[in-house]
Amino acid sequence: MRRGDAAAQTGLISPAARDALATWLDQQRALHGAAENTLTAYRGDVADFLAFMTAHKAQPQGLGALAQITISDMRAWMARTRGPDVGPRSMARKLSAVKAFYRWLAEREGFEPTAVLSARAPKFSKKLPRPLAVDAARAMIDCVELQSRHAWVATRDVAVLTLLWGCGLRISEALALKGADAPLPDALRITGKGGKERVVPVLPAARAAVDAYLRACPHPHQADGPLFRAVRGGPLGPRAISQVMADARMLLGLPATATPHAMRHSFATHLLDAGGDLRAIQELLGHASLSTTQAYTAVDTARLMEVYNRAHPKAG
């Protein structure tokens, strides 16, 4: 059976399994604050799994049949799912979604989910954040200021990148700011992934950059409208900022990892370099787990080892 989208796969699932999946997703949204992108991924991954089991068993998989899934069935699903377009990281994500669904389903229906929960995800090396050096981050902002044919668009792009680097915002968080948020206060209350709120200090440079943009923007400032506007006045989308940075990194000779999210990585790494506390950086980034923030310590260690191997007389 070829992989299809979630809607097509859902049509192959028994009504009972489909209802169970919908209920689980509703609970993930209501009780755990799962983001819509996360729920979409969960829906696709679990629907793909359930549709595969229908074809694999050659019969509709009601809740009773799903309770009988074996280790052999799990191996068959994982073997079918792995392919050129599904690497170890993606496979691990899909398996994690299936396990989370089965853990909930087993508790609700009262069966033993060991066969599913014991399936092992393929090993993969975690990708380290790819921050920009301080000079490269400055050069990026200087470069985007010179790129646009419209002076006000240049000030807008500078303001957005300054918020990403200076406040550690995600691009979605920066572009979600409203006109009512300006002029920016000393601290912003940001709603991040999963509805998690955090308070982020605003640097004077970020405040000044946004003020300069507002003075230059030809579109009316509306409290309930988007703070950052596209050329025609609509909400600014993330793709526009990604393209601006892509153009700038080509001029500057920076790698493809120099993306809007790299500016957020740079915020965290540069704070850590300056002696920032890891717990404080976790709060500023809005990470639910400290282990996510600890990836930046690995970046710092890797850079130190690179310097050591290049400079120490005994390194060779």
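For the pair Lys94 (side chain) and Asp45 (backbone), a donor-acceptor distance under 3.5 Å is absent. The main-chain N or O of Val231 is found under 3.5 Å from a side-chain atom of His219 such that the two form a donor-acceptor pair. Here the side chain of Gln28 pairs no donor or acceptor atom with the backbone of Leu25 at under 3.5 angstrom. Put simply, the side chain of Arg198 never gets that close to the backbone of Ile190: no donor and acceptor are under 3.5 Å apart. Although no hydrogens or angles enter the test, the distance criterion places no donor-acceptor pair under 3.5 Å between the side chain of Arg156 and the main chain of Cys217. A donor-acceptor contact shorter than 3.5 Å is absent between the side chain of Arg229 and the backbone of Pro235. Under a 3.5 Å cut-off, the side chain of Gln222 and the backbone N or O of Gly179 do not form any donor-acceptor pair. Panel note: side chain Ser96, backbone Ala92; no donor-acceptor pair is recorded below 3.5 Å. Proximity of a side-chain donor or acceptor of Glu109 to a complementary backbone N or O of Phe111 within less than 3.5 Å is not detected. Looking at Thr70, its side chain does come within 3.5 Å of a backbone N or O of Asp73 through a donor-acceptor pair.
Between Asp247 and Val144 there is no side-chain heavy-atom pair separated by less than 4.5 Å. For the pair Lys99/Arg103, a side-chain contact is recorded, criterion being any heavy-atom separation below 4.5 Å from C-beta on. Using a 4.5 Å heavy-atom threshold, the side chains of Leu105 and Leu21 count as separate. Side-chain contact between Arg18 and Leu50: absent, with no pair of heavy atoms (C-beta onward) separated by less than 4.5 Å. By the 4.5 Å heavy-atom criterion applied to side chains, Ile171 and Leu164 are counted as neighbours. With contacts defined as side-chain heavy-atom distances shorter than 4.5 Å, the pair Trp104/Glu107 does not qualify. Put simply, the side chain of Leu169 does not reach to within 4.5 Å of the side chain of Arg264, judged on heavy atoms. Residues Val210 and Leu227 form a side-chain contact, since some pair of their non-hydrogen atoms from C-beta on lies under 4.5 Å apart.
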Could you go step by step and tell me if Val153 and Gln147 meet the side-chain contact (heavy atoms from CB on, under 4.5 Å) rule? CA-CA 9 Å; Val153 172; Gln147 285 184 168; over 6 Å; no
Apply the test side-chain contact (heavy atoms from CB on, under 4.5 Å) to residues His56 and Trp77: give CA-CA distance (whole Å), side-chain angles for both, the deciding distance (0.1 Å), then the verdict. CA-CA 8 Å; His56 180 62; Trp77 169 68; over 6 Å; no
Working note: Phe228 + Leu163, criterion side-chain contact (heavy atoms from CB on, under 4.5 Å); need CA distance, chi angles, decisive distance, verdict. CA-CA 12 Å; Phe228 293 110; Leu163 280 172; 3.7 Å; yes
Go through it in stages, so that I can follow the logic: the residues are Glu173 and Val200, the test is side-chain contact (heavy atoms from CB on, under 4.5 Å), and I'd like the CA-CA distance, side-chain angles, deciding distance and then a yes or no. CA-CA 11 Å; Glu173 294 167 349; Val200 178; over 6 Å; no
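Taking every heavy atom of both residues into account, Leu95 and Met78 meet most closely at CD2-CE, 4.1 Å. The shortest non-hydrogen separation linking Arg249 to Ala258 is NH1-O, 3.2 Å. The minimum heavy-atom distance linking Leu66 with Ile69 is given by the pair O-CG1, 3.2 Å. Annotation for Pro238 and Leu175: closest pair N-CD1, 3.4 Å, computed over non-hydrogen atoms. Nearest heavy atoms, Thr162 versus Ala206: CG2-CA, 3.6 Å. Between Ile71 and Ala115, the shortest heavy-atom contact is N-CB, 3.8 Å.
Looking at Asp181 and Lys178, no side-chain N of the basic residue comes within less than 4.0 Å of a carboxylate O on the acidic one, giving no salt bridge. Looking at Asp48 and Arg43, no side-chain N of the basic residue comes within less than 4.0 Å of a carboxylate O on the acidic one, giving no salt bridge.
Under the 4.5 Å side-chain heavy-atom criterion for grouping Ile, Leu, Val, Met, Phe, Trp and Tyr, Leu63 is connected to Ile13 within one hydrophobic cluster. When the side chains of ILVMFWY residues are joined at heavy-atom separations under 4.5 Å, either directly or via intervening members, Leu252 and Val158 end up in a single hydrophobic cluster. Connection of Leu214 to Trp152 is established within a shared hydrophobic cluster, with ILVMFWY side chains joined at heavy-atom distances below 4.5 Å, either directly or through further cluster members.
Interatomic distance, Gln68 CD to Glu112 CD, rounded to the nearest 0.5 Å: 11.5 Å. Taking OG from Ser90 and CZ from Arg82, the interatomic distance works out to 9.0 Å, rounded to the nearest 0.5 Å. Taking OG1 of Thr81 as the reference point, atom CE of Met91 lies at 4.5 Å (rounded to 0.5 Å). How far CD1 of Ile141 is from CG of Leu161: 5.5 Å, rounded to the nearest 0.5 Å. Here the CZ atom belonging to Arg215 is positioned 6.0 Å from the CG atom belonging to Asp211, to the nearest 0.5 angstrom. In this structure, Asp26 CG and Leu39 CG are separated by 8.5 Å, a value rounded to the nearest 0.5 Å.
Aromatic ring centres of Phe101 and Phe49 lie farther apart than the 6.0 Å criterion allows.
Shown here is Arg75, whose CZ atom has no more than 12 heavy atoms of other residues, nucleotides or ligands within 6.0 Å.
Ring-plane geometry between Trp24 and Tyr42 is classed as tilted, the angle between the planes lying from 30 to 60 degrees on a 0 to 90 degree scale.
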